[in-house]
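Heads up, the thing below is written out as structure tokens.
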Amino acid sequence: MDLRQQQQRNMAERYRDTVDQREDIRRRQVETGTPFVADSEEQLRARAERLVREGEVDPGALAPLPSGTGPVRPAVVFERILGAASELQSVNFLARGERAARAVARISIVVDGRRAGFGTGFLVGERLLLTNNHVLPDAATATGSFAEFDLESDVDGTAKPVDSYDLAPDELFATDPALDYTLVAVKVGSAGRRPGAVHGWLRLIANQGKIVIGEPVNVVGHPDARPKEIAVRANELLNQLPQFLHYRTDTLPGNSGSPVFNDQWEVVALHHAGVPDPDGAGWIANEGARVSAILRHLAAAEPPPEQKALLAELGPQAVPSEAVPTEERLIGATGGEQAQERRGVTGRTGTGRRVVFLHGRGQQGHNPAELRTGWCRALATGLAASGLAPLNSADVWFPFYGDALAAASAGRESVAPGTATTTAEAYVPADSGARAVYTALLAEAAEAAGMPASERASETAQESSLLGGAVAALQRPLSWLAARSGLDDVVIATVFHDVAAYLGDKAVRDAVLDAVLAGLPDDGEFVLVSHSLGTVVALDLFTRLPAGISMPLLVTAGSPLGLDAVYKRLLVRGPVRPGQVDGWLNAWAAADAVAIGCPLGDTWSQVRDVLCPNPKDRAHDITQYLSHARVAAEIGRAARP
């Protein structure tokens with residue numbers, strides 16, 4: 001039996017061995033009426049948090065809360081967010097798909113100088129191509145083979161010029177028959193063109209949260225060696241195995257090595273074959289190796305030193321959480337091991353100005369190095385738009401308080417699990433001070449968003465002793481904010497919950513400030529760029545900074561500092577501009593419900609407000625703010641006077 005036959009036999013056995021699992025999945029989907037409950041609570045949570053964090057939630061496509069008076073389970077909130085994977089998509093779904101497809105190439109397999117077959121592959125770095133082991137099983141096969149990009153038709157049906165690149169297995173070649181993957185270097189083209197610089201590349205993401213059972217999958221490849229085609233209809237993730245995914249879609253020979261995407265055009269798997277029907281009646285499913293499994297296998301390998309530079313093109317987001325990059329110095333680490341509570345990533349120490357990023361809520365459990373990379377990438381986009389060079393991420397400091405905030409807030413929820421009937425109630429803090437802030441934030445924000453006084457008065461009339469004096473109908477102002485801004489009420493409620501917990505609970509505030517102070521430079525000048533809850537933390541931070549610190553520029557983005565309920569509870573007790581700050585830039589978006597009190601210039605002195613045209617579905621996203629040309633230019637010029 002040859003290797004390919006063994007791979008197919010293993011695939012059929014995996015499918016047969018999970019028949020009971022798939023039957024249980026189908027049963028639960030039918031009983032609950034939703035495809036997503038088939039996955040674990042952990043997977044649902046990771047998926048929902050990723051969609052919210054990346055700003056991918058389209059509020060218009062969210063599934064509604066169940067009607068009636070029954071309790072809202074925590075999973076239902078996540079399933080509402082996951083409902084964004086409906087048949088209704090933002091129109092940019094097509095443009096983003098076209099951008100992702102540019103990195104996909106047909107592989108022409110050449111053996112002994114003759115074309116021996118075809119497959120599909122895709123760029124995962126400027127010079128890194130991923131495909132199947134059964135497409136390129138060894139370096140000798142890869143040596144004569146080449147990748148053909150733009151083998152497709154334009155919008156008028158005219159064939160595009162094909163852009164070909166030879167492979168360079170002598171520079172890097174990694175493969176595994178069990179996972180059926182091969183990662184190979186690609187040679188530089190004519191005039192020094194690196195393929196990724198021309199066609200882009202697809203980031204491989206190690207963390208979970210990219211897809212759950214029941215969501216659609218999309219496959220781009222070269223079936224039967226034809227020009228590039230896409231499968232986006234009747235596609236569904238059927239099951240998740242530790243190393244493989246099973247899904248329903250249309251593929252043909254030649255699709256081997258295709259990327260399998262979620263609806264946000266992130267790669268979730270490497271397609272390798274259809275699962276044959278044991279009775280010989282065709283094909284019953286498709287299978288692909290999970291991205292996380294491939295990255296774990298790569299991380300466990302010991303590549304030669306000369307290959308590490310090429311592998312670094314995969315990026316920090318491709319490093320599994322159990323394998324923290326050694327070049328990153330994590331604050332709070334001891335003995336070379338990452339501390340249980342991560343505090344952040346230091347930048348290089350030296351003369352000159354430093355840049356410090358201060359994140360918002362919801363980052364607990366995430367790798368600070370990955371977060372810093374995402375912020376730097378967005379800033380680089382804005383700097384390029386303004387004609388400025390990008391910053392070196394190694395010079396950027398990223399204090400991290402996500403774990404400290406989560407730990408300090410743990411066990412402080414007043415609503416017993418499974419008893420909340422509305423989103424607003426589900427996020428009411430337990431601490432009485434924090435609860436008062438949460439109520440005030442919702443009421444004031446709804447008023448600023450134009451909620452009629454008559455409706456606000458009816459809210460007051462419905463106060464009860466429920467939850468220690470919280471307004472029973474808090475969902476109404478929350479729903480008003482969601483409708484006016486376009487952000488989902490879950491997104492708004494979670495941000496306001498954490499802002500309230502920080503401002504209303506001294507223990508939470510102290511834990512957050514201590515974590516941030518541990519990750520800041522001890523002296524000198526630095527530019528501080530803050531987002532969301534981080535802008536509130538930043539203003540409190542000035543009361544505790546060492547005397548030797550000065551700040552040429554403070555940037556606040558997506559900030560709630562314009563609300564009375566916020567600035568009156570700061571440690572400075574009001575809209576008092578910090579004396580250490582030379583310049584203050586506030587970036588806000590009209591659709592950002594968290595920045596509802598903006599612009600700040602009406603309340604705070606000497607603040608320059610910049611209105612950013614963030615789209616509704618990403619109104620509060622830090623990457624949207626940082627990629628704005630004027631915001632990025634101000635940061636770039638302040639960092640390099």
Check: Which atom names give the shortest non-hydrogen contact between Asp403 and Gly365, and what distance separates them?
Finding: OD1-N, 2.8 Å
Note to self: On a heavy-atom basis, which atom in Leu295 and which in Ala318 lie closest, and how many Å separate them?
What the structure shows: CD1-O, 3.4 Å
Margin query: A side-chain contact here means heavy atoms from C-beta on lying under 4.5 Å apart; do Leu626 and Val529 qualify?
Written below: yes
Item checked: Non-hydrogen side-chain atoms of Tyr401 and Leu533 separated by less than 4.5 Å -> yes
Next item on the list: Answer yes or no: is there a side-chain heavy-atom contact under 4.5 Å between Glu634 and Val555?
Entry: no
Next item on the list: Determine whether the side chains of Tyr502 and Asp505 contain a donor N or O and an acceptor N or O closer than 3.5 Å.
Entry: no
Residues 597-605, side-chain donor-acceptor partners within the protein, below 3.5 Å, at least two apart:
unit_1, atom_1, unit_2, atom_2, d
Trp604, NE1, Leu561, O, 3.4

Next item on the list: Taking all heavy atoms of Ala565 and all of Leu503, pick out the closest pair and write down the distance.
Entry: O-CD1, 4.2 Å
Checklist line | Minimum heavy-atom distance between Tyr438 and Ala500, given as atom pair plus value | finding: N-CB, 3.5 Å
Checklist line | Value rounded to 0.5 Å, distance of CD1 in Ile635 from CZ in Phe357 | finding: 6.5 Å
Next item on the list: Evaluate the criterion side-chain contact (heavy atoms from CB on, under 4.5 Å) for residue pair Val607 and Trp584; output intermediate values, then yes/no.
Entry: CA-CA 5 Å; Val607 177; Trp584 182 348; 3.5 Å; yes
Note to self: Taking Ala589's backbone N and O only, do any of them form a donor-acceptor pair with Asn614's side chain (distance below 3.5 Å, no angle check)?
What the structure shows: no
Check: Is a donor on one side and an acceptor on the other found under 3.5 Å between the side chain of Gln363 and the backbone of Phe400?
Finding: no
Checklist line | Gap separating the NE2 atom of His359 from the OG atom of Ser530, nearest 0.5 angstrom | finding: 11.5 Å
Next item on the list: Evaluate the criterion side-chain contact (heavy atoms from CB on, under 4.5 Å) for residue pair Leu513 and Leu541; output intermediate values, then yes/no.
Entry: CA-CA 7 Å; Leu513 289 174; Leu541 198 62; 4.1 Å; yes
Next item on the list: Please report the C-alpha distance between Leu391 and Val355 in whole Å, then the side-chain angles of each, then the deciding distance to 0.1 Å, and finally whether the side-chain contact (heavy atoms from CB on, under 4.5 Å) criterion is met.
Entry: CA-CA 9 Å; Leu391 299 180; Val355 174; 3.9 Å; yes
Item checked: Close side-chain approach of Ile205 to Glu266, heavy-atom, < 4.5 Å -> yes
Check: Roughly how far, to the nearest 0.5 Å, is the OG atom of Ser386 from the NE2 atom of His628?
Finding: 10.5 Å
Note to self: Quick one, Arg509 with Asp540, criterion salt bridge (charged side-chain N to carboxylate O under 4.0 Å, His left out). Give me CA distance, side-chain angles, the key distance, then yes/no.
What the structure shows: CA-CA 9 Å; Arg509 191 192 306 238; Asp540 276 351; 2.5 Å; yes
Check: In Å, rounded to the nearest 0.5 Å, how long is the span from CG of Leu128 to CG of Leu311?
Finding: 6.5 Å
Note to self: Walk me through whether Asp510 and Arg544 qualify under salt bridge (charged side-chain N to carboxylate O under 4.0 Å, His left out).
What the structure shows: CA-CA 11 Å; Asp510 288 342; Arg544 301 192 182 186; 3.1 Å; yes
Item checked: Ile622 versus Ala557, closest heavy-atom pair with distance -> CD1-CB, 4.2 Å
Next item on the list: With Arg372 as the cation and Phe398 as the aromatic partner, state whether NZ or CZ is under 6.0 Å from the six-membered ring centre and within 45° of the axis.
Entry: no
Margin query: Under 3.5 Å, is there a donor on one side chain and an acceptor on the other for Tyr427 and Asp498?
Written below: no
Item checked: Straight-line distance of Leu442 CG to Glu447 CD, nearest 0.5 Å -> 13.0 Å
Check: Quick one: does His531's side chain have a donor or acceptor within less than 3.5 Å of a partner on Arg361's backbone?
Finding: no
Notebook entry, point to check: Strictly by modelled atom types, are Ser559 and Thr535 linked by a side-chain donor-acceptor pair under 3.5 Å?
Noted result: yes
Check: Side-chain contact, heavy-atom cut-off 4.5 Å: Pro477 with Met451?
Finding: yes
Checklist line | From CH2 (Trp265) to CG (Leu202), nearest 0.5 Å | finding: 10.5 Å
Margin query: Any non-hydrogen side-chain atom of His199 less than 4.5 Å from a side-chain atom of Glu126?
Written below: no
Check: So do the side chains of Gln364 and Leu405 get within less than 4.5 Å of each other, counting heavy atoms only?
Finding: no
Item checked: Heavy-atom pair with the smallest gap, counting every atom of Val631 and Cys612 -> CG2-SG, 4.0 Å
Check: Do Leu358 and Val537 pass the side-chain contact (heavy atoms from CB on, under 4.5 Å) test, and can you show the C-alpha distance, the side-chain angles, and the key distance before you say yes or no?
Finding: CA-CA 8 Å; Leu358 189 54; Val537 177; 4.2 Å; yes
Check: Given side chains that start at C-beta, do those of Arg353 and Arg640 come closer than 4.5 Å, heavy atoms only?
Finding: no
